[in-house]
Amino acid sequence: GEFTAVTVNGDTQTQSLLAEFELAETFSLPSRSWAFSGPPEMAVNSLLEDDGRLLLGGSFTAIDGSPRGGFALIDADDGVLDSGISVDGAVNAVALSDGITYLGGDFASATGINGTQARTSLAAFDTGGNLLGWSPDVSGVVNALIAENSVITAAGEISGVSAQPRERLAAFDADGNLLPWAPAANNDVLSLVVHGDAVYAGGRFDQMGESVADTGRAYLGALDRQDGTLLDGSAIYAGGQFTFAGGGVADTARAYLAAFDTDGDLLAWSPAVDARVRSMTLLGSDIYVGGDFTNAGAAVADTGRENLAAFD
């Protein structure tokens with residue numbers, strides 16, 4: 001994230017952008033840290049774990065004094081590795097598929113072991129850190145990526161690809177060709193998740209549709225994985241910057257967290273935090289959330305929780 005310190009059970013320590021916690025009955029302060037360098041508002045925007053290694057994307061330019069332009073590879077035992085991969089801007093999303101690392105963000109060129117080439121917001125690298133020829137011509141910033149079954153789905157502030165219109169969402173094959181899948185949103189898409197035959201999108205939009213964003217979808221939408229048609233919805237948990245939610249109309253109080261059933265109707269699940277939720281993950285039967293909040297609770301945010309909380 002964009003934090004500079006972490007607090008556990010009232011104890012605070014300096015910890016910039018990246019923190020490691022052992023998942024146990026109680027959290028403890030991290031035992032190791034990393035020194036990031038970069039612009040004043042630098043952040044770690046994306047985290048992905050793969051076989052004991054962390055793949056980081058962000059707006060940093062160095063870690064522990066070694067140049068790392070927007071991307072870093074950290075091994076659990078050996079620390080920060082030299083992947084040879086970098087970009088000339090920010091990486092907002094990282095995805096892995098069939099041994100290929102895909103990066104999405106706000107950049108104009110990318111560098112691998114084999115040199116530097118122009119890449120607009122998307123780039124791909126093999127396991128040796130070589131920059132691949134996969135090079136979609138995207139207009140706009142990429143905020144989210146999914147790579148699955150040889151299909152790479154990108155979302156963000158996209159307005160077109162190779163002179164073809166696309167409204168915030170686009171999909172490509174393993175050769176970089178633009179696919180016909182072309183749903184639309186009327187404002188930025190910030191996150192993507194695939195579950196079964198559906199792609200779930202979250203962002204700043206309030207309209208989505210099939211090539212034209214003409215159907216009400218307040219910040220959340222479900223799309224058919226194959227043809228991009230807008231779905232009626234599925235069971236989904238949402239976190240963000242809202243204080244009301246509902247099925248079709250946001251008319252019920254919810255403190256930055258909400259859940260919906262398969263028809264898109266609001267469920268009774270209503271934990272609360274006192275500020276924006278930026279990330280969520282499900283582990284077993286518990287939902288872990290991260291964000292800008294300092295308190296959390298059941299229905300009322302009345303218990304101290306500094307930026308991290310868990311709910312059943």
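What you see is a predicted model; the values in this text were computed from it and never measured.
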Practice task
Taking all non-hydrogen atoms of both residues into account, name the closest pair between Trp34 and Val80 and its distance.
Solution key: CD1-CG2, 3.8 Å
Exercise for the section: Might you confirm whether atom CG of Asn114 has over 12 heavy atoms from other residues, nucleotides or ligands at distances under 6.0 Å? Expected result: yes
Handout entry: Minimum heavy-atom distance between Gly128 and Asp126, given as atom pair plus value
Key = N-OD1, 2.9 Å
Handout entry: Shortest non-hydrogen separation from Trp181 to Ala171 and the atoms involved
Key = CE3-CB, 3.7 Å
Exercise for the section: Take Ile287 and Met280 through the side chain to side chain contact (heavy atoms under 4.5 Å, CB included) test and state the conclusion after the steps. Expected result: CA-CA 7 Å; Ile287 294 176; Met280 303 176 69; 3.8 Å; yes
Practice task
State whether the side chain of Asp274 and the backbone N or O of Thr294 hold a donor-acceptor pair below 3.5 Å, judged by distance alone.
Solution key: yes
Handout entry: Heavy atoms from other residues, nucleotides or ligands near CG of Asp312 exceed 12 (cutoff 6.0 Å)
Key = no
Exercise for the section: Taking the side chain as every heavy atom from C-beta outward, state whether Phe205 and Val189 have any atom pair closer than 4.5 Å. Expected result: yes
Handout entry: Distance, nearest 0.5 Å, that separates CG of Leu17 from OG of Ser33
Key = 11.0 Å
Exercise for the section: Given side chain to side chain contact (heavy atoms under 4.5 Å, CB included), test Asn295 with Asp302 step by step and report yes or no. Expected result: CA-CA 6 Å; Asn295 292 282; Asp302 55 3; over 6 Å; no
Exercise for the section: Scan for salt bridge (Lys or Arg N to Asp or Glu O under 4.0 Å) pairs involving residues 45-65, sequence neighbours excluded, and state none if there are none. Expected result: Asp50-Arg53
Exercise for the section: Please indicate whether Asp227 has more than 12 foreign heavy atoms, meaning atoms of other residues, nucleotides or ligands, lying under 6.0 Å from its CG. Expected result: yes
Completion exercise
All heavy atoms of Ala296 vs all of Phe311, minimum pair found to be CB-CZ, 3.9 Å
Fill in the blank from the handout: Of all heavy-atom pairs linking Ala110 and Leu131, the shortest is O-CD2, 3.5 Å
Handout entry: Within one Ile-Leu-Val-Met-Phe-Trp-Tyr cluster: Trp134 and Val151, side-chain cutoff 4.5 Å
Key = no
Practice task
Work out which heavy atom in Leu231 is nearest to a heavy atom in Arg217; give both atom names and the distance.
Solution key: O-NH2, 3.0 Å
Practice task
Starting from the C-alpha separation in whole Å, work towards a yes-or-no answer on side chain to side chain contact (heavy atoms under 4.5 Å, CB included) for Val289 and Tyr256.
Solution key: CA-CA 11 Å; Val289 303; Tyr256 307 97; over 6 Å; no
Exercise for the section: Look at the side chain of Asp98 and the backbone N and O of Ile100, then say whether any donor-acceptor pair between them is shorter than 3.5 Å. Expected result: no
Exercise for the section: Please check if atom OH in Tyr102 has more than 12 non-hydrogen atoms from other residues, nucleotides or ligands closer than 6.0 Å. Expected result: yes
